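Count residues from 1 along the sequence. All heavy atoms count here, side chains included; hydrogens, waters and symmetry mates do not. Because the structure is a prediction, the values reported are computed rather than measured.
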Amino acid sequence: MRIIFDHLHGHVENDRVFCEAFVIPEGESDEELLALGFLPNLQPPLYWYQARSCRINSNLVKLSYKRRNQLSQLDIEIFNYSDIADEADLFFNNYFILKNFDLQSSYNNNSKFEDLKIMKIKLNETAVAYTRFREFKESLLVLETAMLQNLTKFSLGKDAILLLSNYGKAKNKNFLYLYESYQNYFPYKTEITGSEYWEGKKWIASFV
């Protein structure tokens with residue numbers, strides 16, 4: 001891989017120089033990069049960067065009775081994104097507006113992935129959430145999730161992750177990558193059973 005140091009937004013703090021570092025793959029597969037803590041930058045051109053990446057290791061998932069009962073009420077369907085793009089785009093667009101999320105540009109960029117898939121989650125035949133993801137030989141990578149806001153008895157964000165992890169495990173894909181998780185940035189990801197985070201050299205289980 002080729003390493004790029006971005007000094008345009010660099011700065012000095014306490015006599016230490018800080019800058020962003022990216023890599024451009026030179027033969028490494030997406031799965032190899034994910035396993036080493038790299039994540040794909042969603043804006044073109046497509047760089048990969050290091051982060052406190054988070055993933056679900058399906059072999060470590062332990063569900064409570066309440067969670068198992070909750071998940072049993074939900075059904076999933078897996079599609080190629082292109083097959084239900086209009087339906088999914090409308091759902092995501094309404095979700096972004098409702099939550100006041102400025103994500104439409106990155107969503108549109110992600111829509112260009114040829115291997116893009118989508119999981120529809122249904123409750124009593126009604127679509128309540130959608131998750132877009134990429135599927136590799138041995139793992140999955142989540143891109144976005146959108147959900148209805150009025151189902152307070154469910155935690156649809158976490159439910160979607162666990163349902164997708166279970167789908168992957170059924171296909172011998174034990175790792176579901178979730179992008180970053182920090183104390184001040186998506187901390188809920190490491191609160192999900194089976195979660196691990198990249199500490200720079202190895203993966204650490206969030207729960208012992």
Between the side chains of Glu13 and Arg16, is the shortest nitrogen-to-carboxylate-oxygen separation below 4.0 Å, so that they form an ion pair?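 Here Arg16 does not pair with Glu13 in a salt bridge, since their nearest N and O are not under 4.0 Å apart.
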State whether Asp159 and Arg67 are salt-bridged, where the test is any N-O pair (Lys NZ or Arg NE/NH1/NH2 against Asp/Glu carboxylate O) under 4.0 Å.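 Yes, this pair counts.
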Would you tell me whether [X] and [Y] have side-chain atoms, one donor and one acceptor, within less than 3.5 Å of each other?
X	Y	result
Tyr81	Asp89	yes
Thr190	Ser206	no
Lys158	Gln70	no

Aromatic ring centroids of Tyr179 and Phe186 under 6.0 Å? no
Apply the test side chain to side chain contact (heavy atoms under 4.5 Å, CB included) to residues Tyr177 and Val142: give CA-CA distance (whole Å), side-chain angles for both, the deciding distance (0.1 Å), then the verdict. CA-CA 6 Å; Tyr177 292 89; Val142 171; over 6 Å; no
Side chains of [X] and [Y]: closer than 4.5 Å at any heavy-atom pair?
X	Y	result
Met119	Leu163	yes
Phe154	Val128	no
Trp48	Leu36	no
Tyr197	Lys189	no
Asp30	Leu141	no
Trp198	Leu34	no

Ignoring hydrogens and geometry, is there a side-chain-to-backbone donor-acceptor pair from [X] to [Y] under 3.5 Å?
X	Y	answer
Trp203	Ala35	yes
Glu135	Lys117	no
Ser139	Phe136	no
Arg52	Glu180	no
Lys169	Asn59	no
Glu32	Ser29	yes

Do other residues, nucleotides or ligands put more than 12 heavy atoms under 6.0 Å from [X] [atom1]?
X	atom1	answer
Asn69	CG	yes
Glu114	CD	no
Asn150	CG	yes
Tyr185	OH	no
Arg68	CZ	yes
Asn124	CG	no
Gln149	CD	yes
His9	NE2	no

How many angstroms lie between atom OG1 of Thr131 and atom CG of Leu164, to the nearest 0.5 angstrom? 6.5 Å
Spell out, yes or no, whether [X] and [Y] are grouped together once hydrophobic residues are joined by side-chain heavy atoms under 4.5 Å, including indirect joins.
X	Y	result
Tyr65	Leu71	no
Leu156	Leu63	yes
Ile84	Ile78	yes

Phe175 and Glu31: CA distance, side-chain angles, deciding distance, side chain to side chain contact (heavy atoms under 4.5 Å, CB included) verdict: CA-CA 10 Å; Phe175 297 114; Glu31 284 195 292; over 6 Å; no
Check step by step if side chain to side chain contact (heavy atoms under 4.5 Å, CB included) holds for Thr193 and Leu162. CA-CA 8 Å; Thr193 178; Leu162 290 170; 3.9 Å; yes
Audit row: Ile121, Asp75, side chain to side chain contact (heavy atoms under 4.5 Å, CB included) steps and yes/no: CA-CA 6 Å; Ile121 301 176; Asp75 297 309; over 6 Å; no
So which heavy atom on Asp6 is nearest to which on Cys19, and how close? O-CB, 3.4 Å
Plane angle bin for Phe22 and Tyr47 - parallel if under 30°, tilted between 30 and 60°, otherwise perpendicular: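 The rings of Tyr47 and Phe22 sit tilted, inter-plane angle from 30° to 60°.
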If the plane angle is over 60° it's perpendicular, under 30° parallel, otherwise tilted; pick one for Tyr95 and Phe101.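 The arrangement is perpendicular - the two ring planes meet at more than 60°.
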Test applied, salt bridge (charged side-chain N to carboxylate O under 4.0 Å, His left out); reference residue, Asp115; option that passes from Lys137, Arg134, Arg132: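 The passing option is Arg134.
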